[in-house]
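Read the numbers this way: they start at 1 and go in the same order the structure lists the ligands and their atoms. What you see is a predicted model, and the numbers here were worked out from it, not measured in a lab.
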Amino acid sequence: MMNGLARVWPLGIRVQLMLWYTLVFACLMGLFGVLFYLHFQTTLATSTDTALQLQAQQVAGDITEERATIVLHDATADLPGFDLADQKRHVPPSDVNLGVLVRIVDGQGVLFRSTPAFRTIIVPPQSVSQPLRGIPWQGTTTTVDGQLVRLYSRALTQEGRIFGVVQIATSLTEVQTSLHEVVLSVLLLAPFILLLGALGSFWLAARALQPIGRLTQTALIIKGGDLHQRVPLPKAHDELRHLAVTLNEMIEHVEHAFLRQRRFVADASHELRTPVTVIRSKAKLALLQVFTPEEYTTVFQAIDSEAERLGRLISDLLVLARADEGQVHLEGESVRFDLLVEAVVATVDVIAAQHQVTVEVTVTEPVSVCGDEARLMQVVMNLLENAIGYNEPGGRVFVSVQAKQEQVVLIVRDTGIGIAEAHVPYLFDRFYRVDPARRHSTGGNSGLGLSIVEWIVKAHGGAVSVESQVEAGSTFTVTLPLWRRAEDVPLSQLFEQAERRRYLA
Ligand code: ADP
């Protein structure tokens, strides 16, 4: 029993919708039925009362008082049981549904005339006493055998004096029967209407949920690993289409992230293999033991430089992998950016001299940013290494730091080999190199330097851009939010913003 219940509960959304629709429909039908019944009843009662009043008026018009005696005229005098002969014969009472129901009472409340059918009616005393005081009376009463009767009583007047009461009644049996018939037919029809409503709502719910079924089908295919799939878009511009569009955007995002990750792993393995191969071949050469000490020195220097490159590559990869996971902790301290740039330029001076490149720094004012000093140094270092490495002997590098509105702007411009326009959009991609064969001695040429620059800058809430011309040189521009006073912006908020931008990117 419990198992059977568990199988149908919780109910499917279609059945739930159908049940809700049917419930609402049943309530509405019930409400409508009750209102209709009440309205029908009132209308019937009103028309019955109006008819009774008209009849009473007609009958009263045929009655006069002459010398303290009630005199009947015309049609009223001909009513069954109203002539004296009938009165004397004592016609037995008849059914209220068959005869005319008229009764006349004199000014003392004593019965004067009554049709045989009226005699079965139980007459409430106030239906006589009230009209005798001049106020008409109307109400519902019963016959001796329990049938409902509507009764109207009014005074008989002559020259403003009340000399009797006329009472007119009508059986409510017919009205009652009509009402019962209406109720019965509604009760008989209701289950069929409800059943049709339930079937209709089930069909509607099924139709409305069809697109969701298609979404699920596609989601299942995607779950199977096919990230190229997209959910079909419903034609109507409704909530479901919005859901489908959002899902597609999400899948596209996931697909891109997945492809990027796959490419990153493939590229990383490839990049790691090259220095390892070089180190192994050099080591094998050394093992041959055929070299002079000077030649050994050269071989080991080559091994050392490859190992250094490998080490650098591994640490770059680690930084990016951690950055992807959001695991890198960035300090949030106030950093004098102008001093930092000058310090980095001082450290690259030796390399610049080796490449016969001159580096000039222009700092117009002291500027501070909020961030991680070591990471920011890495940004400047990577840009400077590129500017020197991808330069020609005799070339120049111009570095400037300035505050512009709410930002610190760092410009690293060189007169080097430049970058063709086609490569510019990909420069910040991981492992992207314009010319993989060209290797500069200022650092590695793993193609990760600018990716790291971009990540650090974005994590600080800034941006980096490049403009370049082949053979003329390149200009890298980094903007970072200006840090004026420590209490201006809470550090946590600044990093939150930076994180949000990083995820949006
Ligand atoms: P790499 O380790 O190869 O220098 P980066 O990510 O720093 O990697 O740079 C990516 C590529 O962009 C470089 O391989 C180089 O081709 C090009 N590049 C970067 N900076 C400059 C520059 N200042 N002048 C010319 N080309 C540059």
Given V470, N386, N391, V466, which has its nearest heavy atom closest to atom 19 (C) of ligand 1? N386

Find all atoms of ligand 1 within a distance of less than 4.0 Å from any non-hydrogen atom belonging to Y432, and give their numbers and elements. 10 (C), 11 (C)

Heavy atom of F476, distance to ligand 1 below 4.0 Å: yes

H242 (side chain) donor-acceptor with D238 (main chain) under 3.5 angstrom: no

Atom pair CG (L209) and CZ (R214), whose distance is rounded to the nearest 0.5 Å: 11.5 Å

Could you list the residues that satisfy side chain to side chain donor-acceptor pair (under 3.5 Å) with R263, not counting sequence neighbours? none

Is L450 close to ligand 1, meaning an N/O of one under 3.5 Å from an N/O of the other? yes

Atom indices of ligand 1 within 4.0 angstrom of I419 heavy atoms, with elements: 25 (C), 26 (N), 27 (C)

Using a 4.0 Å cutoff against the non-hydrogen atoms of G447, which atoms of ligand 1 qualify? 1 (P), 2 (O), 3 (O), 6 (O), 8 (O)

Within the side chain of Y296, is there an N or O that forms a donor-acceptor pair under 3.5 Å with the backbone of A286? yes

Can you sort out which atoms of ligand 1 are near S474, meaning under 4.0 Å from one of its heavy atoms? 22 (C), 24 (N), 25 (C)

Closest to atom 4 (O) of ligand 1 among F431, F428, Y390 (heavy-atom distance): Y390

Compute the ring centroids of Y21 and F202, then answer whether they are less than 6.0 Å apart. no

Side chain or backbone, does S451 bring an N or O within less than 3.5 Å of an N or O on ligand 1? no

So the atoms of ligand 1 within less than 4.0 Å of a heavy atom of R433 turn out to be 3 (O), 14 (O)

Got an N/O contact under 3.5 Å between V434 and ligand 1? yes

As an exercise, state the distance from OG of S368 to CH2 of W483, rounded to the nearest 0.5 Å. 9.5 Å

Cut-off 3.5 Å, side chains only: do T140 and R150 have a donor facing an acceptor? yes

Answer yes or no for D414: is there a heavy-atom contact with ligand 1 below 4.0 Å? yes

Is there a donor-acceptor pair under 3.5 Å between the side chain of D226 and the backbone N or O of I221? no

Applying side chain to side chain donor-acceptor pair (under 3.5 Å) as the test, list every pair that has at least one member in residues 266-281; sequence neighbours left out. E271-R433

Pull out every atom of ligand 1 sitting under 4.0 Å from any heavy atom of G449, numbered as shown with elements. 5 (P), 6 (O), 7 (O), 8 (O)

